[in-house]
Number of protein chains: 2
Amino acid sequence: MTHLTMTDIARAAGVSLTTVGRVVRKSGYVSEEKRVAVERVIRETGYVPNRIARGLKSNRMNLIGHITVLNPNMLYEQISKSLNDAASREGFQTLTYTVDWERVSLEIVLDELIGHRVDGIVITSHPRLDEELLHKVITRAIPLVMIERTLALEGTDRIVVADYEGAFQAVDHLISRGHDNIAYAGKIPDHEVEKRRLEGYRQALNNAGISSGESLVYLTDNYGVEEGRQAAEVLLELNPRPTAVFMTSDLFICGFLQVCYERKLRIPEDISLVGYDNTLSMMLSPPITSIRLELSTLGGRAMDLLKTRKDNPGLPSREVQSGTALVERESVKRINYEGRG
Amino acid sequence: MTHLTMTDIARAAGVSLTTVGRVVRKSGYVSEEKRVAVERVIRETGYVPNRIARGLKSNRMNLIGHITVLNPNMLYEQISKSLNDAASREGFQTLTYTVDWERVSLEIVLDELIGHRVDGIVITSHPRLDEELLHKVITRAIPLVMIERTLALEGTDRIVVADYEGAFQAVDHLISRGHDNIAYAGKIPDHEVEKRRLEGYRQALNNAGISSGESLVYLTDNYGVEEGRQAAEVLLELNPRPTAVFMTSDLFICGFLQVCYERKLRIPEDISLVGYDNTLSMMLSPPITSIRLELSTLGGRAMDLLKTRKDNPGLPSREVQSGTALVERESVKRINYEGRG
DNA sequence: CTGAAAGCGCTAACAC
DNA sequence: GTGTTAGCGCTTTCAG
């Protein structure tokens, strides 16, 4: 049994194609009588309008393309979900592609998205964007929003996470609890995101008049549990041992915690920890204080940017900040004037 | 600048619409000369074929619909990813919808999917499926695969996780390490999935000639960290205290571990733990032995089922099992003839 | 080898 | 209020 068409419904209900159309999309005048008749036929046959045909007329399928990078982190899946929800609230569907870092794969995916005549494109945290790659999108005036790892580009919009503020908050919190020997474990600052985080750490220390020795900064080239372990191996050997560590990913926290567990170091008695991204921290033992990213509102904000730009393609490039907030849990010790972990 | 059409390309290249079509989809004979000319114009203009129009002719957009339930667990996102990958490998895109448990929301989403004329539908773990709901899908002969929480239904296929085997493996592992006082923390068995897990636990115990007192079974009505804490509060008070606990979700493990941490109970010295689903367990302290679900192959198997049914709609209903495997880590103590945690 | 022509199922003028 | 008609951009016969 194949799909019925509006013509089939029209025939069955004894009305014209147009009338069926009017009933289906609830527009225009239809007499009560015919409307009821058509609705009955639709209900009985289970007719569902063909969106492809509809899309061909209007050249719009009400689709938003979302491109995400392959990542073990739950972060990006949360962003996906937030975008899906926001989109569907406005009658859009999301076409999600997960790509690796290769230039070609992004290129292919963009072509597919354009082929689908999406009404907007969201690219989350792709680290290797360049203008040429996005040229096709721009010239077609397809609204484009980049999230987290972005590229400043005319005619496009960006949502960047307040990483500087987030890192600052984390370290400032530690300082306010009496810590002054605070280590940093993060990714090598080869991208704006990582630079901002490291800068937030340094500035918080500076503001408090605390000098940060370079040995306190442990840099790795990947976000992962194993890297967190390595950070612990190094940082815990420091003499004097830092009383606190700020790590720029909850994934690092997991690894760090494993080493502490092996060495029977207690959190926060022996060392205080603050994480970042707030994805895993609430599930760990003990629950870890972490920096929450405002992910749930991200989708809505992306949709807003997309819509306003569609209505007004000439808008200058906009950048909006996504906030961060410290979520206090049980991993930070309060140190007195005397005390030292 | 709006989208170009094949006609534009034809005009620019001085050939007919048909010839452009042949070049675009690389089918049929085109002289080298004209092909080169057309390709040049396509490259220079950045023309991208309109998939909507293409879809209207063939009534296929090469789209697979995926319906997932709202869930904090990483499990379903892994399944999504696996399906996305498998689909795109075969030239399909996935339209993913996340729904709650309401009957209507599923109904609406199914209609949207049918409207998009998807080539197949995958429903992952929806707990309230019924035949009437799926009627529209079945009568249209749209291939349908249900994953994990499924409904046996003619003309549809299912992938079920070997939960019985998984639970059995977990408990059997504990027994092989000398445990005989093994508790169970899981969700109330109001669904096949939970029944199979509990049954696996019971059977493993039975086979080993170990009696399982009902007090050893802690049942909760949700998968979550908090529920894991509650399980710990109850199970750790038992006298004698179980030497091991099998939990049917890594989420439970997280909560349980938090209580152990507070009480300064060491894993596995004081109590042994085995988790389920292998999502969080490798990140915890210590890394927890858990039952891995073969999620990465799920997408490919779903696509296979979809394809074979599309080619042969008359096929009887099929059920394939998705395997489980024990991943040994550091949360199980070996107990000697004498020993008792 | 190439092109003209007829739709796919729906929408939107435009008449009646 | 209702119906007729002309496409949307592509694919696909079918002639040349």
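In what follows, chains are A, B, ... by sequence order, proteins preceding strands, each numbered from 1. Only heavy atoms go into these numbers, but all of them, side chains included; no hydrogens, no water, no symmetry mates. What you see is a predicted model; the values in this text were computed from it and never measured.
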> Are more than 12 heavy atoms, taken from residues, nucleotides or ligands other than A:E131, located less than 6.0 Å from that residue's CD atom?
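At most 12 heavy atoms, drawn from other residues, nucleotides or ligands, come within 6.0 Å of this atom.
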> Report the distance from atom CE of B:M61 to atom C1' of C:dG9, rounded to the nearest whole Å.
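Checked: the CE to C1' distance equals 13 Å.
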> Does a sphere of radius 6.0 Å around CD in B:E44 hold more than 12 heavy atoms from other residues, nucleotides or ligands, not counting ones at 6.0 Å or beyond?
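Atom CD in B:E44 is packed in, count exceeds 12.
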> Would you list the atom pairs, donor with acceptor, under 3.5 Å between side chains in residues 24-34 of chain A and any protein atom, with sequence neighbours excluded?
residue: A:R25; atom: NH1; partner: A:S27; partner atom: OG; Å: 3.4
residue: A:S31; atom: OG; partner: A:K34; partner atom: N; Å: 3.3
residue: A:E32; atom: OE1; partner: A:R35; partner atom: NH2; Å: 2.8
residue: A:E32; atom: OE2; partner: A:R35; partner atom: NH2; Å: 2.8

> Between B:S317 and B:R158, does any side-chain donor sit less than 3.5 Å from a side-chain acceptor?
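Side-chain D/A pair, B:S317 to B:R158: absent.
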> Is a donor from one side chain sitting under 3.5 angstrom from an acceptor on the other, for A:R149 and A:H126?
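No.
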> Judged by modelled atom types alone, do A:S125 and A:Y76 share a side-chain donor-acceptor pair under 3.5 Å?
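Result is yes, a qualifying pair exists.
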> If you compare all heavy atoms of A:T5 against all heavy atoms of A:Y47, which two are closest, and at what distance to 0.1 Å?
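Here A:T5 and A:Y47 meet closest at C-CE1, 3.8 Å.
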> More than 12 heavy atoms of other residues, nucleotides or ligands under 6.0 Å from NE2 of A:H191: yes or no?
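Yes - once you tally the heavy atoms of other residues, nucleotides and ligands closer than 6.0 Å, there are more than 12.
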> Going 5' to 3' along nucleotides 6-16 of chain D, which nucleotides have protein heavy atoms under 4.0 Å from the base (write B), which only from the sugar-phosphate (write S), and which from neither (write -)?
-BBBBBB----
> Report yes if at least one side-chain N or O of A:S16 is closer than 4.0 Å to OP1 or OP2 of D:dT2; otherwise report no.
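No, outside the criterion.
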> Please report how far the helix from C:dC1-D:dG16 to C:dC16-D:dG1 bends, comparing the axis fitted to its first five pairs with the axis fitted to its last five, to the nearest 10 degrees.
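Rounded value for the end-axis angle: 40°.
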